[in-house]
Number of protein chains: 2
Amino acid sequence: MTPAAERVLEVAGKLFYDNGIHAVGVEAIASEAGVTKKTLYDRFGSKDALIAHYLRRRDERWREHVIRVVEQRGRIAPARRLLLVFDALEQWIAEENPRGCAFVNAHAELPDAAHPGRDVIREQKQWLLEYLRTLAREAGVRNPRKLATSLLVLIEGANVTSTLGVVPGAVGNAKEVAKQLIESS
Amino acid sequence: MTPAAERVLEVAGKLFYDNGIHAVGVEAIASEAGVTKKTLYDRFGSKDALIAHYLRRRDERWREHVIRVVEQRGRIAPARRLLLVFDALEQWIAEENPRGCAFVNAHAELPDAAHPGRDVIREQKQWLLEYLRTLAREAGVRNPRKLATSLLVLIEGANVTSTLGVVPGAVGNAKEVAKQLIESS
DNA sequence: TTGACAGTATACCGATCGGTTTAGTACGTC
DNA sequence: GACGTACTAAACCGATCGGTATACTGTCAA
């Protein structure tokens, strides 16, 4: 990844997320990054490929964030670690996610299932589900698969509703429900 | 609403939802509806206004659907009526919502808070929250406001996750969680 | 009978879209 | 000194974008 490509990816990440993918032209990305369109196309090949790179990069940051928050403190009961995911979400929303889940938003703009970005979207959700399942298994609950699914639903729901502004304390509410769910599992 | 305007609105509803708002041009809508661009602009004024009309129309259909399913059978315990909302969602997804919540999707494409469509999006979510609150109040739970919020989070989460294809039985799962939540309220 | 209204047909507007092409510069490595 | 690589500058491509203008037809009610 050359310095110019790095700048393009950073700018694309900001513009795509803030304005929506279709609303941003490659011309705007290139000029904002202080780069020629030729350089952009030399590095990424197409806008669609750049979109996929953008999503991949954001997914990486998201995973690192979650893992950092959940595993920051050394010894915590596995059951409580599941609740830390909700804290991670709340921080993420406050710091990087004012316009909702970038992957849900991208899915709305990429109806073609063959688009390279669609794989990244699926993998992002799949990873979180697997991560929750692992934590649930470590917590020794009866049905880790089922609990992980319920928690994923709560997380996605909290993300959407708090973004749409209908429910200000959505993440906190979801965390309470999650707590109750974990205790009875 | 003239016959031509009706056709435009119907076509716009299909194209906007299936392809995303920005991806659809007014030219395509007009020709698909068998109408001139002039007629489209005479009736709706601008693409942004048409977008708002599209959302409004879809919201109306959604509300009617929910109310029909929840209130179809005469005498049902109010607590069970809350669960019927999940059945309404499941039907809606199967029949009209393969690409996820149109309002969440539209929100992803309309970053400008002053866009006329944004009001419709907010009102759609607000209505559902109020409706859930009313049902919860009738069910005699301790904290209707809180239960309604939790259920809204579950509904939105189930909608997103089942659309993204990560969790096939998301709505059913959410309904189970809801049941547990209602019983302990 | 007149006029408002709903509509078609078609050409046009400037701007922007994603993407390509040609030419040339700076740098580092065999 | 030659070659590959990373980059800038700028013109260019056809297509499409949202929106407007002009001219004309049909219907219906006052």
Side-chain angles (χ1 to χ4, degrees), chain A residues 1-57 105-106 108-112 114-118 120, chain B residues 1-57 105-106 108-112 114-118 120:
Chain A
M1 190 73 72
T2 66
E6 198 67 49
R7 262 149 49 215
V8 167
L9 202 48
E10 191 179 338
V11 167
K14 184 167 174 25
L15 294 184
F16 280 154
Y17 181 74
D18 289 344
N19 305 100
I21 291 172
H22 278 331
V24 178
V26 289
E27 191 96 48
I29 295 171
S31 84
E32 183 90 4
V35 152
T36 320
K37 261 206 292 185
K38 175 157 192 313
T39 300
L40 189 154
Y41 276 92
D42 282 349
R43 297 295 133 245
F44 296 97
S46 69
K47 184 184 181 181
D48 286 334
L50 178 59
I51 292 167
H53 270 94
Y54 145 64
L55 292 170
R56 186 77 67 185
R57 171 67 62 99
N105 290 357
E109 293 203 75
L110 307 177
D112 179 10
H115 192 285
R118 288 287 292 266
V120 190
Chain B
M1 191 74 73
T2 66
E6 199 66 50
R7 261 149 51 215
V8 167
L9 203 48
E10 191 179 338
V11 167
K14 183 166 174 27
L15 294 184
F16 281 154
Y17 182 74
D18 288 343
N19 305 103
I21 291 172
H22 279 330
V24 178
V26 288
E27 191 96 47
I29 295 171
S31 84
E32 184 89 7
V35 153
T36 322
K37 261 208 291 186
K38 175 158 190 313
T39 299
L40 188 153
Y41 276 93
D42 282 349
R43 295 298 132 242
F44 296 97
S46 69
K47 184 183 182 180
D48 286 334
L50 179 58
I51 292 167
H53 271 95
Y54 145 64
L55 292 169
R56 186 76 67 185
R57 171 65 64 97
N105 290 357
E109 293 202 75
L110 307 177
D112 179 10
H115 191 285
R118 288 286 293 266
V120 191

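By convention in this document, chain letters (A, B, ...) are assigned in the order of the sequence lines, proteins followed by strands, and residues within each chain are numbered from 1.
- Paired regions of DNA chain D, where each region holds three or more successive Watson-Crick or G-U pairs whose two hydrogen-bonding distances fall under 3.5 Å, are C:1-30 with D:1-30.
- Of the candidate nucleotides dT8(C), dC7(D), dA6(C), dA6(C) has the atom nearest to the side chain of T2(B).
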>> Counting primed atoms plus P, OP1 and OP2 as sugar-phosphate and everything else as base, spell out the protein contacts along nucleotides 20-27 of chain D at 4.0 Å heavy-atom distance: B, S or - for each nucleotide, 5' to 3'.
In response: BBBB----
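- Within the structure, every side-chain polar atom (N or O) of S46(A) is placed at least 4.0 Å from both OP1 and OP2 of dG18(C).
- Classified by interplanar angle (parallel below 30°, tilted 30° to 60°, perpendicular above 60°), the ring pair H53(B)/F44(B) is perpendicular.
- Of all the residues in residues 15-22 of chain B, not one reaches under 4.0 Å from DNA chain D with any non-hydrogen atom.
- The shortest heavy-atom contact between E109(A) and H22(A) is OE1-N, 3.1 Å.
- Atoms CE (M1(A)) and P (dT5(D)) sit 18 Å apart, rounded to a whole Å.
- Phosphate contact (OP1/OP2 of dT8(C), side-chain N/O of T39(B), threshold under 4.0 Å): present.
- In this structure, E32(B) contributes its side chain and V11(B) its backbone to no donor-acceptor pair below 3.5 Å.
- The minimum heavy-atom distance linking D112(B) with R118(B) is given by the pair O-CG, 3.4 Å.
- Closest non-hydrogen pair, V8(A) versus L50(A), comes out as CG1-CD1, 4.1 Å.
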